[in-house]
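What follows is one structure encoded as structure tokens, with my remarks underneath.
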Protein chains: 2
Amino acid sequence: MTHAVDALAALAQETRLKVYRLLVEAGPEGLSAGLIGEELDLPPATLSFHLAHLARSGLVRSRQEGRFVIYSADFQNMNALVGYLTENCCGGRACAPSTLRKRKTA
Amino acid sequence: MTHAVDALAALAQETRLKVYRLLVEAGPEGLSAGLIGEELDLPPATLSFHLAHLARSGLVRSRQEGRFVIYSADFQNMNALVGYLTENCCGGRACAPSTLRKRKTA
DNA sequence: GCGTCATTTCCATTATTCTGGAATCGTGGA
DNA sequence: TCCACGATTCCAGAATAATGGAAATGACGC
């Protein structure tokens, strides 16, 4: 529960959402902090603040690679979050909102 | 984009997340404001503030029914949000994080 | 060890959000 | 019309989050 709130709060901010989506697009290889900052044109302190926030939330991982710190999206945790949000949907009864069934999430 | 941030911000708060999950569980019929407040033990002003927030975000709908206002989860918008978050996953390349593929979301 | 470059921490300022009591609005029944 | 009740708005105080410059940390090559 607290985890979910943290994860959602991490994404509920324009800059962090941009960072996150950039990392989702980048895939498991991830991107260095520097590249992200360049791409989104952010001052280092601001970027670091937001990256730390995302990492704390579990939605993003970081690994050191030489002088760089590489960030990447944690797809498992994102998936757990989505699961949590739709848990017990419609109290187990047949679920009218059909759109929820169609997902295959490429 | 702004929509996504609003939706995420709406859920990124313990009380609102509880309300939302309650409504997901309740299904399309929804629950009256009063019932929600009773269930979660919230003062009316606080509850109203959070319900308004959720409704503004589009994740929750409200309809008047006699003297009651009934709130219900908007499953379509939630689904759109999830889609947005995983858009362009891994830049279109074969997607290593397999967990994302398995979802069928009952 | 020393300079360089990537990233983070420190800090103060500014802005935003949460909370809940009291007053108000709106609907329906008597 | 008047009352009762459900829900919302108003307001102000308290708490929390975002921003970015400057200084500190850490890693590598020489």
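Since the model is a prediction, treat every value here as computed from it, not as a measurement. In what follows, every chain begins at residue 1, and chains take the letters A, B, ... in the order their sequences are listed.
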B/Leu51 CG - D/dT8 P separation (whole Å): 6 Å
A/Arg56 CZ to C/dT9 P, straight-line distance once rounded to whole Å: 10 Å
Short side-chain N/O contact from B/Tyr71 to OP1 or OP2 of D/dG6, under 4.0 Å: no
Residue A/Ala33, side-chain atoms from C-beta onward, closest of D/dA7, D/dG20, C/dT7: C/dT7
Closest nucleotide among D/dT8, C/dT8, C/dT7 to the A/Ser48 side chain: C/dT8
A/Glu14 and A/Lys18 ion-paired at < 4.0 Å: yes
A/Leu42 with A/Phe68, same ILVMFWY side-chain cluster at under 4.5 Å: no
Whole angstrom value for the distance that separates P of C/dC18 from CG of B/Leu47: 14 Å
Selection from D/dT19, D/dA18, C/dT19 that lies nearest to any side-chain heavy atom of A/His53: D/dA18
Heavy-atom closest pair, residues B/Leu17 and A/Ala4: CD2-CB, 3.9 Å
A/Thr46 vs D/dG20: side-chain N/O to OP1/OP2 distance below 4.0 Å: yes
Side-chain donor-acceptor contact under 3.5 Å, A/Arg63 with A/Tyr71: no
Report all interatomic pairs (protein N or O, nucleotide N or O of nucleotides 3-5 of chain C) with separations under 3.5 Å.
from	atom 1	to	atom 2	distance (Å)
C/dT4	O2	A/Arg67	NH1	3.2

Distance in angstrom units between A/Arg63 CZ and D/dA27 P, rounded: 17 Å
Nearest-angstrom distance from the residue atom CG of B/Leu42 to C1' of C/dC18: 12 Å
Phosphate contact (C/dT19 OP1 or OP2) by B/Gln13 side-chain N/O below 4.0 Å: yes
Touch class at under 4.0 angstrom, heavy-atom based, for A/Pro44 against every strand present: base
Heavy-atom check, side chain of B/Val60 versus side chain of B/Asp74, under 4.5 Å: no
Closest listed nucleotide, where the reference is the side chain of B/Gln64 and the choices are C/dT19, C/dT27, C/dT8: C/dT27
Phosphate contact (C/dT17 OP1 or OP2) by B/His50 side-chain N/O below 4.0 Å: no
Whole angstrom value for the distance that separates P of C/dC18 from CG of B/Leu17: 13 Å
Atom of B/Leu22, atom of B/Glu39 and distance for their closest heavy-atom approach: CD2-CG, 3.7 Å
Greater than 12 external heavy atoms within 6.0 Å of A/Glu29's CD: yes
Length of the CZ-P vector between A/Phe49 and D/dT16, whole Å: 14 Å
Any donor-acceptor N/O pair, B/Ser57 side chain to B/Leu54 backbone, under 3.5 Å: yes
Earlier contact from the 5' end, DNA chain C, for B/Gly66 and A/Leu35: A/Leu35
Touch class at under 4.0 angstrom, heavy-atom based, for B/Ala45 against every strand present: base
A/Ile36 CD1 - C/dT8 C1' separation (whole Å): 14 Å
